[in-house]
Number of protein chains: 2
Amino acid sequence: MAVKRRRSSVSPPPQGCPLTTCMQFLKGAWTPNVIWYLRGGPRRFSELLADIPGVSPKVFSARLKRLERDGILTRHVMPTSPPTVEYSLTDLGHELTPAIDAIVQVGHKLKRRWIP
Amino acid sequence: MAVKRRRSSVSPPPQGCPLTTCMQFLKGAWTPNVIWYLRGGPRRFSELLADIPGVSPKVFSARLKRLERDGILTRHVMPTSPPTVEYSLTDLGHELTPAIDAIVQVGHKLKRRWIP
DNA sequence: AGCGGTACTTACCAAACGGAAAGTCGAATA
DNA sequence: TATTCGACTTTCCGTTTGGTAAGTACCGCT
């Protein structure tokens with residue numbers, strides 16, 4: 001015989017799902033890392049590039065561009081020579097930090113669980 | 001003149017970065033959604049498929065397979081006819097829920113911020 | 001004998017992603 | 001005059017991703 005279909009005991013269907021909404025902003029390689037490193041204040045391109053080993057300039061500038069387009073961070077060119085560019089989180093960007101923090105915390109727990 | 005390189009005021013470099021570690025498990029379309037829907041207890045393939053509109057069976061079974069391989073969930077075939085399969089979170093899977101919850105919370109805030 | 005339900009799989013495909021390497025540009029410095 | 005710096009951009013390319021559509025296997029039911 002067949003099995004009854006159970007209703008979900010958890011939540012409404014993802015029509016305009018908050019989970020999906022938020023994940024859109026965290027999508028793409030290095031995205032959460034950028035937000036993490038900007039939490040402490042504005043930071044320059046080459047600084048971030050060094051903060052996050054392994055990322056290529058191309059991918060990275062694309063990432064920053066998308067983050068700026070999405071309103072997560074702002075780009076500020078300074079009149080130095082050679083010109084330097086500072087990135088900082090917007091208010092919207094700061095709203096994401098609780099999520100990032102939680103992910104980091106879980107990351108720590110996972111590492112403790114794995115290595116021992 | 002040139003600008004001084006500032007040191008990061010935030011954290012250690014991502015060598016075995018907890019953020020990256022955790023994000024690996026949340027990577028891929030629908031991954032956080034699956035975990036969200038399994039929080040409430042075991043659930044079957046077709047139930048999850050209906051929970052999460054828009055996902056195709058192919059992508060979905062691949063996702064579940066990877067999640068099982070990663071130790072996030074377990075697959076349990078039941079001796080019904082036709083056979084039904086139940087998926088449930090492992091202990092490791094449950095460790096991820098704080099992160100998912102935080103993301104959902106932020107998602108809610110973002111939606112409030114967007115629509116008004 | 002044929003149908004329906006469940007849980008997939010397979011084949012195919014296009015777009016997106018992400019990495020390496022090299023080039024650009026203007027001002028300042030050696 | 002040549003080089004360096006900072007912040008990119010461009011080109012090229014292989015991999016991965018995710019989607020559609022259709023097929024499969026098993027068993028019980030009508």
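Values below: all heavy atoms of this structure, side chains included; hydrogens, waters and symmetry mates excluded. Computed from a predicted model, the values in this text were never measured in an experiment. Chain identifiers are assigned alphabetically (A, B, ...) following the order of the sequence lines, protein sequences preceding nucleic acid strands; residue numbering begins at 1 within each chain.
The distance between atom CE of Met78(B) and atom C1' of dC8(C), rounded to the nearest whole Å, is 18 Å. Per the geometry, CD belonging to Glu47(A) stands 14 Å off C1' belonging to dC5(D), to the nearest Å. Here dT6(C) presents its C1' atom at 14 Å from CG of Leu64(B), a figure rounded to the nearest Å. The nearest whole Å value for the distance from the CD atom in Glu86(A) to the P atom in dG6(D) is 14 Å. Distance CG (Leu49(B)) to P (dA7(C)): 9 Å, rounded to an integer number of Å. For Gln24(A) and dC17(C), the CD to P distance is 12 Å, given to the nearest whole Å. The CZ-P distance, from Phe60(B) to dC8(C), rounds to 10 Å in whole Å. Rounded to whole Å, the distance from NE2 on His76(A) to P on dC8(D) is 13 Å.
Between the CD1 atom of Ile35(A) and the CG atom of Leu26(A) there is a distance of 5.5 Å, given to the nearest 0.5 Å. Taken to the nearest 0.5 Å, the CG atom of Leu73(B) stands 7.0 Å off from the OG1 atom of Thr90(B). Separating the CD1 atom in Ile52(A) from the OH atom in Tyr37(A) is a distance of 6.5 Å, to the nearest 0.5 Å. Atom NZ of Lys58(B) and atom CZ of Arg63(B) lie 10.0 Å apart (nearest 0.5 Å).
Taking only side-chain nitrogens and oxygens, Arg44(A) never comes nearer than 4.0 Å to OP1 or OP2 of dG6(D). Under 4.0 angstrom from either OP1 or OP2 of dA7(C) there lies at least one side-chain N or O belonging to Ser46(B).
Each of Arg112(B), Lys111(B), Lys109(B) was checked for a salt bridge (Lys or Arg N to Asp or Glu O under 4.0 Å) with Glu95(A), and the lone residue meeting it is Lys109(B).
An angle of 20°, rounded to 10°, separates the two end axes of the helix from dA1(C)-dT30(D) to dA30(C)-dT1(D), each defined over five pairs.
Counting non-hydrogen atoms of other residues, nucleotides and ligands closer than 6.0 Å to CD of Gln105(A) gives a total of 12 or fewer. Other residues, nucleotides and ligands place more than 12 heavy atoms under 6.0 Å from the NE2 atom of His94(B).
Contact annotation: the side chain of Thr97(A) never approaches that of Val106(B) to less than 4.5 Å [non-hydrogen atoms, C-beta and beyond].
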Taking protein heavy atoms under 4.0 Å as touching, what does nucleotides 9-23 of chain D look like 5' to 3' if B marks base contact, S marks sugar-phosphate-only contact and - marks none? BBBB-----BBB---
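Among residues at least two apart or in separate chains, ring pair (Phe, Tyr, Trp, His ring centres under 6.0 Å) pairs with a member in residues 49-69 of chain B are Phe45(B)-Phe60(B).
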